[in-house]
Amino acid sequence: MSTAHPARRRDGAATREAILAAAVVEFTEHGYAGAGVRQIAERAGVTAMMINRYFGSKEGLFAQAVDRAFAPPTVVGDERTGLAGAIAHTLAERTASGAERLDPFLLLLRSAPDPEAADIVRQGVETHVGARLAGLLDGSDADLRAQLALALVAGTWLLRSVVGTTPLVTADDGRLAALLADMLEPVIHEAGGTSVPGTGLDGTDG
């Protein structure tokens with residue numbers, strides 16, 4: 001009579017989750033080009049063949065990792081009321097010294113320059129935070145206005161958290177949030193006039 005124990009049945013859902021969680025970490029740390037399938041497999045405790053089995057390719061895994069990283073709200077929430085102020089406050093708080101890093105922004109920064117990853121990153125931004133923010137905006141050109149707001153968010157994050165420009169790093173969080181809210185308000189609430197070529201932004205000479 002054999003004393004060998006039956007092999008433990010592999011939990012497919014758990015394996016897939018382990019691979020995906022490992023991929024988010026690797027892609028965030030090293031970008032699309034720098035993250036290797038073998039390194040992801042080692043972190044997840046599986047073989048590289050398992051990654052191909054569950055995700056088809058590195059590109060397929062990256063697409064799923066982008067969805068996983070970008071889907072949860074980080075700076076843009078789900079409430080219409082006080083939206084500009086809420087985004088500004090959260091951004092100032094999340095980019096302050098010692099704050100928990102914003103991994104979706106790091107993944108974007110380190111992967112977007114790669115031609116194979118750029119389109120996936122773009123889709124991730126538009127599908128998740130872009131669509132969520134646009135859905136909170138009334139009026140025309142909601143998608144455009146949402147992307148303009150996100151450009152301000154991403155630029156502030158980049159200069160304050162990555163580049164570390166002195167005025168942004170040393171700024172009081174409350175003061176920074178107030179300035180950001182003032183900049184976001186016209187975009188979020190579709191305020192402002194029409195620019196005329198050869199004149200100032202408000203249509204006056206200069």
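V125 has its side chain within reach of F70: a pair of non-hydrogen atoms, C-beta onward, lies under 4.5 Å apart. Using a 4.5 Å heavy-atom threshold, the side chains of L180 and I87 count as separate. Counting heavy atoms from C-beta outward, L148 and L152 have side chains that stay 4.5 Å or more apart. Proximity of T74 to V129: side-chain heavy atoms (C-beta onward) are nowhere separated by under 4.5 Å. A heavy-atom distance below 4.5 Å is not found between the side chains of Q39 and E29. L61 is not listed as a side-chain neighbour of K58, based on a closest heavy-atom distance of 4.5 Å or more. In this structure, M50 and T47 have side chains that are in contact, with non-hydrogen atoms separated by less than 4.5 Å. A heavy-atom distance below 4.5 Å is found between the side chains of V76 and L150.
Between D143 and A134, the shortest heavy-atom contact is OD1-CB, 3.3 Å. Nearest heavy atoms, I188 versus R145: O-NH2, 2.7 Å. Of all the heavy atoms in A41 and I51, the pair that sits closest is N-CD1, 3.8 Å. Listed here is the closest heavy atom pair of A88 and A177: CB-O, 3.2 Å. Shown here for A117 and S111, the closest heavy-atom pair between the two residues is CB-O, 3.4 Å. Closest approach of N52 to S57, counting heavy atoms only: OD1-CA, 4.0 Å.
Linking Ile, Leu, Val, Met, Phe, Trp and Tyr residues whenever their side-chain heavy atoms come within less than 4.5 Å leaves V25 and L108 in two separate clusters. When hydrophobic clusters are built by joining Ile, Leu, Val, Met, Phe, Trp and Tyr residues whose side-chain heavy atoms come closer than 4.5 Å, directly or via intermediates, L106 is grouped together with V163. In the hydrophobic clustering of ILVMFWY residues, with side-chain heavy atoms under 4.5 Å counting as a link, L136 and V75 come out together. No path of Ile, Leu, Val, Met, Phe, Trp and Tyr side chains, each step under 4.5 Å between heavy atoms, connects L159 with V169, placing them in separate hydrophobic clusters. In terms of hydrophobic clustering, with Ile, Leu, Val, Met, Phe, Trp and Tyr side chains grouped at heavy-atom distances under 4.5 Å, L168 and V162 are assigned to a common cluster.
Annotation: the span from R43 atom CZ to I19 atom CD1 amounts to 13.5 Å, rounded to 0.5 Å. Taken to the nearest 0.5 Å, the CG atom of L102 stands 11.5 Å off from the OG1 atom of T28. Rounding to the nearest 0.5 angstrom, the gap separating the CG atom in D67 from the OG1 atom in T127 is 7.0 Å. In this structure, the separation between CG on L20 and CZ on F55 is 5.0 Å, given to the nearest 0.5 Å.
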Verdict with supporting geometry, D78 and R132, side-chain contact (heavy atoms from CB on, under 4.5 Å) | CA-CA 7 Å; D78 299 307; R132 183 168 62 250; 2.9 Å; yes

Chi angles and distances behind the salt bridge (Lys or Arg N to Asp or Glu O under 4.0 Å) call for D103, R68 | CA-CA 11 Å; D103 285 351; R68 167 65 63 87; over 6 Å; no

Full working for side-chain contact (heavy atoms from CB on, under 4.5 Å) between R101 and S161 = CA-CA 8 Å; R101 69 182 190 177; S161 296; over 6 Å; no

May I have the step-by-step check of side-chain contact (heavy atoms from CB on, under 4.5 Å) for V153 and F105, ending in yes or no?
-> CA-CA 10 Å; V153 169; F105 286 91; 3.7 Å; yes

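Side-chain atoms of R160 come within 3.5 Å of backbone atoms of A171 as a donor-acceptor pair (strictly under, hydrogens ignored). Side chain of R80 to main chain of G135: a donor-acceptor pair is present (N/O by atom type, distance under 3.5 Å, no hydrogens or angles). Judged by distance alone, with hydrogens and angles left aside, the side-chain atoms of D141 form no donor-acceptor pair with the main-chain N or O of L144 at under 3.5 Å.
Evaluated for a side chain to side chain donor-acceptor pair (under 3.5 Å) with E126, the options H128, R122, Q123 yield exactly one hit, R122. Between Y32 and the choices R110, E59, E26, the side-chain contact (heavy atoms from CB on, under 4.5 Å) rule is met once, by E59.
Below 30°, between 30° and 60°, or above 60°: for F27 and F62 the angle between ring planes is above 60°, a perpendicular geometry.
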